[in-house]
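Okay, structure first, notes after.
Note that the coordinates shown come from a computational prediction; the quantities given were computed from them, not determined experimentally.
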Protein chains: 2
Amino acid sequence: MAEDMSEIFKHKQRSRLIDVARRAGVSVITASRALRQPELVAPETRERVRQAVEALGYVPNPAAQALAMARSRVIGVVIPSVTNSVFAELLRGVMDATEGTPFHLQFANTRYQTRREEELVRLFAAQNPAGLIVASIDQSPASRAILTGMGCPVVQVMEIGPEPIDIMIGCNQTEAARAAVRHLIEQGYRRIGFLGARMDPRAQRRLAGYRQELESAGLAEPLRVLTTPEPSAVTVGRRLMADFLAQYPEADAVFCVNDDVALGALFECASRGLRVPRQMGIAGFNDLDMAQGAEPGITSVRTHRYAMGRQAVAAILEAAEGRRPEPAVIDLGFSLMVRGSTRRMGGA
Amino acid sequence: MAEDMSEIFKHKQRSRLIDVARRAGVSVITASRALRQPELVAPETRERVRQAVEALGYVPNPAAQALAMARSRVIGVVIPSVTNSVFAELLRGVMDATEGTPFHLQFANTRYQTRREEELVRLFAAQNPAGLIVASIDQSPASRAILTGMGCPVVQVMEIGPEPIDIMIGCNQTEAARAAVRHLIEQGYRRIGFLGARMDPRAQRRLAGYRQELESAGLAEPLRVLTTPEPSAVTVGRRLMADFLAQYPEADAVFCVNDDVALGALFECASRGLRVPRQMGIAGFNDLDMAQGAEPGITSVRTHRYAMGRQAVAAILEAAEGRRPEPAVIDLGFSLMVRGSTRRMGGA
DNA sequence: CTGTTAGCGCGTTCAC
DNA sequence: GTGAACGCGCTAACAG
């Protein structure tokens, strides 16, 4: 009876290093060395250990390693949102770069809540991770303090700003937004609006870029801005565009905080028979696949999110090998992808 | 000099349980109990410990806990792909359900490769996770063997099938596909094609549903199927639709393996002046936000991915509290969302 | 209600 | 080249 119970999800011990050692006829430490510093072990011993590992399907216990080394092989990833597809590409970069390494990825999302972020950072800190990737540059003072004393490289991604904790990899959101708005102006649009959803800090900086560019072109009066606290989505974009047209019927273009909203705006125009780009120019941000695939294609700002993910991990791996990376701000830039949704001036 | 070096990412020890105990003037074990089984500790002692924890900002070391308990607080999540947005909602459910619990989420993706899946499952097994969520029901025999002996609940999500390892939560993909195709037939479409990308097992079963439904309606000759090995995307959908129209100019509808492809198909029709739904019906799968926001809206099959994520975690939490869940297959069903892209018969 | 003892699996000293 | 001893921080058994 008692034995039946113990079978219930009770951990059946998998092979330990000592099992490997016994099977190979060596001491535990020799087995350990054979795996971690093979060059210090006689080739023949090394081979016996290798065979034992294979035969037993030995995989080291990460908890024991972490405890003994005071350092785990976890790379923590903190993102503000999972639904937002921009983070999907970042994650792809992170996952690809982690593949084939002995590191594991642990995730958490803050939902753009400062309190949650602090709690998460604290939780990660307790794990002595190999590194931490944070998809934001807007940490609270408390979070920043913990991150600074983390004892491992902290990489802030998506965006760059003035004071990196360790490393920052991203692009200047304000400048990128300005480039998009500048393009609209160059295409002859004059009454350019802004559509925004869930105005997180990154969105705020895009809005700032929009405003700056209009100001420097003398087109800032009046400012046609419409935002909603909801998270962005195609359906939200439609509703925003509908409201925007009601509020600013004279507008001739919109810069959207991202491609989801832009696509919604495009559909709303389509359903009203508003011609894009002739009567209404639409520009987005992020250059998701849907912007490229739309008809007409949606002009958008491409940022290099996949590369950010890869480089963030690369920096952590480097630090794990003992080379402490210099605090650095790495600007990966952006590219304006001009497509049919804003091409009003003859392209020839 | 040596001290300078030791400062470099050397772990500065955070507060340990023993520090808490000393500060509270009790033994380590009392402190431990105060945190884990408060009811067994005198209220006043409990309070002293609580204050010490707060003052020191104590967070338990998960590695040490995992080692001592032979069980970690990690919930492993294995998904085939990160770019595919269907997994985003699953993850949202998983993350939401994990919030406020002492569990961490660890992720990995298989890229639909059997070998990678085996390796990952093995790696997770070494961690003695609290549970494992696998977004697939197509495990290789080797993976299955490891999963079966995992010693923790294994939840297969997204789809249901005949032989659950422990728990399966999802919906019947074949039936769901049939429902969509049946709807097309009911709307009067007769020459219905199938557009597919990266035909993973789940996609294969949708294709099977498509075929079964056409067969039972006597419309299976000829079968108009076009697929590509690329991962699905809006741009891919456009190309598929273009090729499909060239190959089957007589077709009057398409059932697309997912909404990304369906949206691409819709755009391709728009760019050719093909009227949807009059001349061409389009149905998708997953009911992403973009399907709802499109113009016309895209008819799609809604599956309850968020709920799957939540329930998967819930089952693991339950098991962690000692109640071993019965092996079970939980069918969350699906809903056909009928929208403008297929509404050909007068709706009044 | 509280404390003592022992060990989880591995890595880091040191010796040999 | 190899091995013995000890400790990482915590928890599970027992005592008291």
Expressed as a whole number of angstroms, how long is the span from [X]:[atom1] to [N]:[atom2]?
{"X": "B:Arg71", "N": "C:dC8", "atom1": "CZ", "atom2": "C1'", "answer": "14 Å"}
{"X": "B:Met69", "N": "C:dG9", "atom1": "CE", "atom2": "P", "answer": "14 Å"}
{"X": "B:Asn61", "N": "C:dC8", "atom1": "CG", "atom2": "P", "answer": "18 Å"}
{"X": "B:Leu67", "N": "D:dC10", "atom1": "CG", "atom2": "P", "answer": "12 Å"}
{"X": "B:Leu17", "N": "D:dG9", "atom1": "CG", "atom2": "P", "answer": "11 Å"}

Need to verify one output field. Residue with the more 5' nearest nucleotide on DNA chain C, B:Ala64 or B:Gly25? B:Gly25
Using heavy-atom distances to pick each residue's nearest nucleotide on DNA chain C, tell me which of A:Ile18 and B:Val28 is more 5'.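 Going by which nucleotide is closer to the 5' end, it is B:Val28.
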With a cut-off of less than 4.0 Å, is there a side-chain N or O of [X] near OP1 or OP2 of [N]?
{"X": "A:Gln65", "N": "C:dG11", "answer": "yes"}
{"X": "A:Tyr58", "N": "C:dC10", "answer": "yes"}
{"X": "B:Ser27", "N": "C:dT2", "answer": "no"}
{"X": "A:Thr30", "N": "D:dT2", "answer": "no"}
{"X": "B:Ser32", "N": "D:dT11", "answer": "yes"}

Between B:Phe107 and A:Met95, is there a side-chain heavy-atom distance shorter than 4.5 Å? yes
Does any non-hydrogen side-chain atom of B:His104 lie less than 4.5 Å from one of B:Thr98? no
Sugar-phosphate only, base, or nothing, as touched by B:Ile29 at under 4.0 Å among non-hydrogen atoms: base
Pick out which of A:Val134, A:Ile79, A:Val86 makes a side chain to side chain contact (heavy atoms under 4.5 Å, CB included) with A:Met158.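 When side chain to side chain contact (heavy atoms under 4.5 Å, CB included) is applied between A:Met158 and each of A:Val134, A:Ile79, A:Val86, only A:Val86 qualifies.
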Side chain to side chain contact (heavy atoms under 4.5 Å, CB included) with A:Thr110: which of A:Glu117, A:Glu118, A:Glu119?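 Testing A:Thr110 for a side chain to side chain contact (heavy atoms under 4.5 Å, CB included) against A:Glu117, A:Glu118, A:Glu119 leaves exactly one candidate, A:Glu117.
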Closest nucleotide among C:dG3, C:dG11, D:dC10 to the B:Val26 side chain: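 Of the candidates, C:dG3 comes closest.
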I'd like to check the ring-ring contact (aromatic ring centres under 6.0 Å, His included) partners of B:Phe124; sequence neighbours left out, ordered by chain and number.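 Result, ring-ring contact (aromatic ring centres under 6.0 Å, His included) vs B:Phe124: none returned.
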Could you pull out the closest heavy-atom pair between A:Val94 and A:Gly309, with the gap in Å?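 That would be CG2-CA, 3.6 Å.
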Atom of B:Ser15, atom of B:Leu56 and distance for their closest heavy-atom approach: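 So the two residues come closest at OG-O, 3.3 Å.
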Do any of residues 33-52 of chain B sit with a heavy atom less than 4.0 Å from DNA chain D, and if so which?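 Close to the strand are B:Arg36.
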